[in-house]
Amino acid sequence: LIDETYAKTRHKVYAGDEELDGADPGSFILLEHGWAVDKERFFVNGDRGEERIEPGTFTVLSFAYAKDGDRGWYHTRRLPEADAKVFRLIPGSTAHATDDRRVYFMGLEIPGAQPENFRVFPDSFEHATDEQRIYYRNLAIPDADPATFQPVGQEYAGDAKYFYKGAEKIPRLNEAD
């Protein structure tokens, strides 16, 4: 037994009670956050990455993100446009990553997000801003005001004009009504 996810014998590697097909027990190394590598592949929480990696360059960034030589990864999926040389987590978030040209939320690119000013709100990992727009997960929230926007928990938020549930705008009730 290596940890709560992985076990190995001299001839096999297991994730739970399932054999990891193609895993090399002689070179299998447990990393962190459920990630592991062998001489050719990576594994995360018992799932095998389908592409071969550069093991000497493989770096775990969080439970969800990693990188190797010239690729960024979200779980077992390659992020084809990510530049691994600068691929990193957004400070304060394990769900957001950037490569200086793009921003990702849980492996999905956030269209139009500006990496240089991107930040996640402290009390809601699902809300973020780049000082021009507000985002819920990987969606821009139309008409949201970055100057007055405040999340209330993970799903709800408000600004000077509207309340929001996720990326959906909910008009404020007129006080006279």
Where at least one partner belongs to residues 148-158, residue pairs that pass side-chain hydrogen bond (donor to acceptor under 3.5 Å, both in side chains), sequence neighbours excluded: D145-T148
Please list all pairs passing the side-chain hydrogen bond (donor to acceptor under 3.5 Å, both in side chains) test where one or both residues lie in residues 88-98, with sequence neighbours left out.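 Non-adjacent pairs meeting side-chain hydrogen bond (donor to acceptor under 3.5 Å, both in side chains): R88-D100, S93-H96.
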Closest heavy-atom pair and its distance - [X], [Y]:
X	Y	result
A84	G72	CB-N, 4.4 Å
A157	P151	CB-CA, 3.7 Å
E54	G69	OE1-CA, 3.5 Å

Chi angles and distances behind the side chain to side chain contact (heavy atoms under 4.5 Å, CB included) call for I141, F149: CA-CA 11 Å; I141 302 176; F149 188 88; 4.3 Å; yes
L108 side chain near R137 side chain, heavy-atom distance below 4.5 Å: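 Sidechains of R137 and L108: no contact.
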Euclidean distance, [Y] [atom2] relative to [X] [atom1], rounded to 0.5 Å:
X	Y	atom1	atom2	result
D47	E18	CG	CD	11.5 Å
K165	Y136	NZ	OH	9.0 Å
T57	K85	OG1	NZ	10.0 Å
E81	R102	CD	CZ	4.5 Å

Give a yes or no on whether Q132 atom CD has more than 12 heavy-atom contacts from other residues, nucleotides or ligands under 6.0 Å away. yes
Residues two or more places apart in sequence or in another chain: which of them pass ring-ring contact (aromatic ring centres under 6.0 Å, His included) with [X]?
X	value
Y162	none
Y104	none
Y14	none

Residue of the set K12, K8, R48 for which salt bridge (Lys or Arg N to Asp or Glu O under 4.0 Å) holds with E19: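 The single option meeting the salt bridge (Lys or Arg N to Asp or Glu O under 4.0 Å) with E19 is K12.
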For Y164 and I170, what are the C-alpha separation, side-chain angles and deciding distance, and is it a side chain to side chain contact (heavy atoms under 4.5 Å, CB included)? CA-CA 5 Å; Y164 303 91; I170 303 169; over 6 Å; no
Could you list the residues that satisfy side-chain contact (heavy atoms from CB on, under 4.5 Å) with N45, not counting sequence neighbours? H75
Residue list, side-chain contact (heavy atoms from CB on, under 4.5 Å) with E40, at least two apart or on another chain: D38, R52
Backbone N or O of [Y] within a donor-acceptor pair of the [X] side chain at under 3.5 Å?
X	Y	answer
R41	E50	yes
Y65	A95	yes
K67	F87	yes

Please enumerate all residues that pass side chain to side chain donor-acceptor pair (under 3.5 Å) together with [X], with sequence neighbours excluded.
X	answer
W73	D68
S124	H127
D143	K169

Could you go through the side chain to side chain contact (heavy atoms under 4.5 Å, CB included) check for F58 and V60 one step at a time? CA-CA 7 Å; F58 195 85; V60 173; 4.2 Å; yes
Side chains of residues 26-34: which donor-acceptor pairs under 3.5 Å do they make with residues two or more places apart or in other chains?
residue, atom, partner, partner atom, Å
S27, OG, D24, OD2, 2.6
S27, OG, K39, N, 2.9

If Ile, Leu, Val, Met, Phe, Trp and Tyr residues are connected whenever their side-chain heavy atoms lie under 4.5 Å apart, and connections chain through other members, are [X] and [Y] in the same group?
X	Y	answer
L79	L61	yes
L89	F125	yes
V120	F105	yes
V103	M106	yes

Sub-6.0 Å ring centroid separation between W35 and F43: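 Between F43 and W35, which both carry aromatic rings, the centre distance is not below 6.0 Å.
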Without placing hydrogens or testing angles, list every side-chain donor-acceptor pair under 3.5 Å for residues 110-119, not counting sequence neighbours.
residue, atom, partner, partner atom, Å
Q114, NE2, G112, O, 3.0

Does the side chain of R133 come under 3.5 Å of the side chain of Y135 through a donor N or O and an acceptor N or O?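 Short answer, yes.
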Going by an N to O cut-off under 4.0 Å, is there a salt bridge joining E51 and R71?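 Result for this pair is yes, salt bridge flagged.
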Are R101 and D99 ion-paired here, with the side-chain N under 4.0 Å from a carboxylate O? yes
